[in-house]
Protein chains: 2
Amino acid sequence: MNKIATPKKFYTPDQEKIALYAKALSHPARVFIMDYLAKNTERCCYSGDMAENLPIARSTLSEHLKELKKAGLIQGEINTPYIKYCINRANWEEAKVMFNDFFNR
Amino acid sequence: MNKIATPKKFYTPDQEKIALYAKALSHPARVFIMDYLAKNTERCCYSGDMAENLPIARSTLSEHLKELKKAGLIQGEINTPYIKYCINRANWEEAKVMFNDFFNR
DNA sequence: TATTCATTTCGTAAAATTACGAAACAAATG
DNA sequence: CATTTGTTTCGTAATTTTACGAAATGAATA
């Protein structure tokens, strides 16, 4: 094989994933957003709605939404000129299970 | 009363706390450490033991331990020249409950 | 008392995060 | 086709995070 200086994988995929989800939730604004989306599963949520409940600039909120999207916890459905945000159920469930397992190891 | 420019509290204590715990867990090395401590509740854990299982400098590990201590997830009992680390059970339990509630809102 | 030991703190540097307002965007509307 | 609308991206700046090796620490030991 002759692999040179194989960079050992030190963290398990689970550890990497938990860290990733945790990072997404490591800012109170993003926790707030997830709470907000979880509380309003029916009438779905526009960036502007949330901006009015948050003490941050719209552009900053947009970056937080981007972070959550990047981690896979939310998704945005375009509904011009609005963008309807909601929780990504599959990944949300995965995160829930992973954290639960983590705390019960 | 005459409070001037009261800075509104925008995030609930729960939201702040979840963000805090999440931040503590937002690096794979710190998830690894918690896993390690959870797996070795009996024969307790020295910094050096963990250092040998991690691809980071001892000083870096020490900073990660400091972070986890700051968040309240672990505690270190001095046992010169060693320091025996273990999970802070009360806060660990609290974090577990908070995340569980969070994912079930 | 000088040395050893496991560990932490310090000094430093690179990279990532958070934040804002201005500008850009893309679709619907006048 | 110019304007409006909700939202994002860009440019920028301040702060925080991550990382390392060197130096410091503090208790036990030679």
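Model, not experiment: these values are computed from the prediction. Here is how names work: the chains are called A, B, and so on, in the same order as the sequence lines, proteins then strands, and each is numbered from 1.
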So which heavy atom on [X] is nearest to which on [Y], and how close?
| X | Y | value |
| --- | --- | --- |
| Tyr85(B) | Leu65(B) | CE1-CD1, 3.6 Å |
| His64(B) | Arg30(B) | ND1-NH1, 2.9 Å |
| Pro28(B) | Glu16(A) | CG-OE1, 3.9 Å |
| Ile18(A) | Met98(A) | CD1-O, 3.7 Å |
| Lys23(A) | Ser26(A) | O-OG, 2.7 Å |

Which part of the nucleic acid, if any, lies within reach of Ile56(A) when heavy atoms closer than 4.0 Å are counted: base, sugar-phosphate only, or nothing?
sugar-phosphate
Sequence neighbours excluded - side-chain hydrogen bond (donor to acceptor under 3.5 Å, both in side chains) pairs with any residue from residues 90-99 of chain B:
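For residues 90-99 of chain B: Asn104(A)-Lys96(B), Lys17(B)-Glu94(B), Tyr21(B)-Glu94(B).
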How bent is the helix from dT1(C)-dA30(D) to dG30(C)-dC1(D), measuring the angle between the end axes built from five pairs each, rounded to 10°?
10°
When the distance from [atom1] of [X] to [atom2] of [N] is rounded to whole Å, what number comes out?
| X | N | atom1 | atom2 | value |
| --- | --- | --- | --- | --- |
| Asp49(B) | dA6(C) | CG | P | 11 Å |
| Asn79(A) | dT8(D) | CG | P | 13 Å |
| Leu61(B) | dT17(D) | CG | C1' | 16 Å |
| Leu65(B) | dA6(C) | CG | P | 16 Å |
| Ile83(A) | dA28(C) | CD1 | C1' | 15 Å |
| Met50(A) | dG6(D) | CE | P | 15 Å |
| Glu67(B) | dT8(C) | CD | C1' | 14 Å |
| Ile78(A) | dA28(C) | CD1 | C1' | 15 Å |

Specify whether His27(B) and Tyr11(A) have parallel, tilted or perpendicular ring planes, treating 30° as the upper limit for parallel and 60° as the lower limit for perpendicular.
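Geometry flag for Tyr11(A) against His27(B): perpendicular rings.
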Kindly give the atom pairs (protein nitrogen or oxygen, nucleotide nitrogen or oxygen) under 3.5 Å for nucleotides 9-14 of chain C.
{"residue": "dC10(C)", "atom": "N4", "partner": "Glu63(B)", "partner atom": "OE2", "Å": "3.4"}

Assess the pair Phe32(B) and Phe10(A): is the distance between their ring centroids shorter than 6.0 Å?
no
Taking only the side-chain heavy atoms of Ser47(B) (C-beta and beyond), determine which of dC20(D), dT8(D), dT8(C) contains the nearest atom.
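Nearest nucleotide to the side chain: dT8(C).
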Options dT18(C), dG21(C), dT7(C), nucleotide nearest the side-chain atoms of Tyr85(B)
dT7(C)
Under 4.0 Å protein heavy-atom contact, by nucleotide of nucleotides 24-30 of chain D - B base, S sugar-phosphate only:
---S---
Spacing of NZ belonging to Lys84(B) relative to OG belonging to Ser47(B), to within rounding of 0.5 Å
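Lys84(B) atom NZ to Ser47(B) atom OG measures 15.0 Å (nearest 0.5 Å).
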Quick one: are [X] and [Y] in side-chain contact, heavy atoms under 4.5 Å?
| X | Y | result |
| --- | --- | --- |
| Cys45(B) | Met50(B) | yes |
| Asn100(B) | Phe103(A) | no |
| Leu61(A) | Ile33(A) | yes |
| Leu73(A) | Glu67(A) | no |

Sub-4.0 Å heavy-atom contacts from residues 14-27 of chain B onto DNA chain C, ordered by number:
none
Just to verify, what does Arg105(B) make a salt bridge (charged side-chain N to carboxylate O under 4.0 Å, His left out) with, not counting sequence neighbours?
Asp35(A), Asp14(B)
Between dA19(D) and His64(B), is there an OP1 or OP2 to side-chain N/O distance shorter than 4.0 Å?
yes
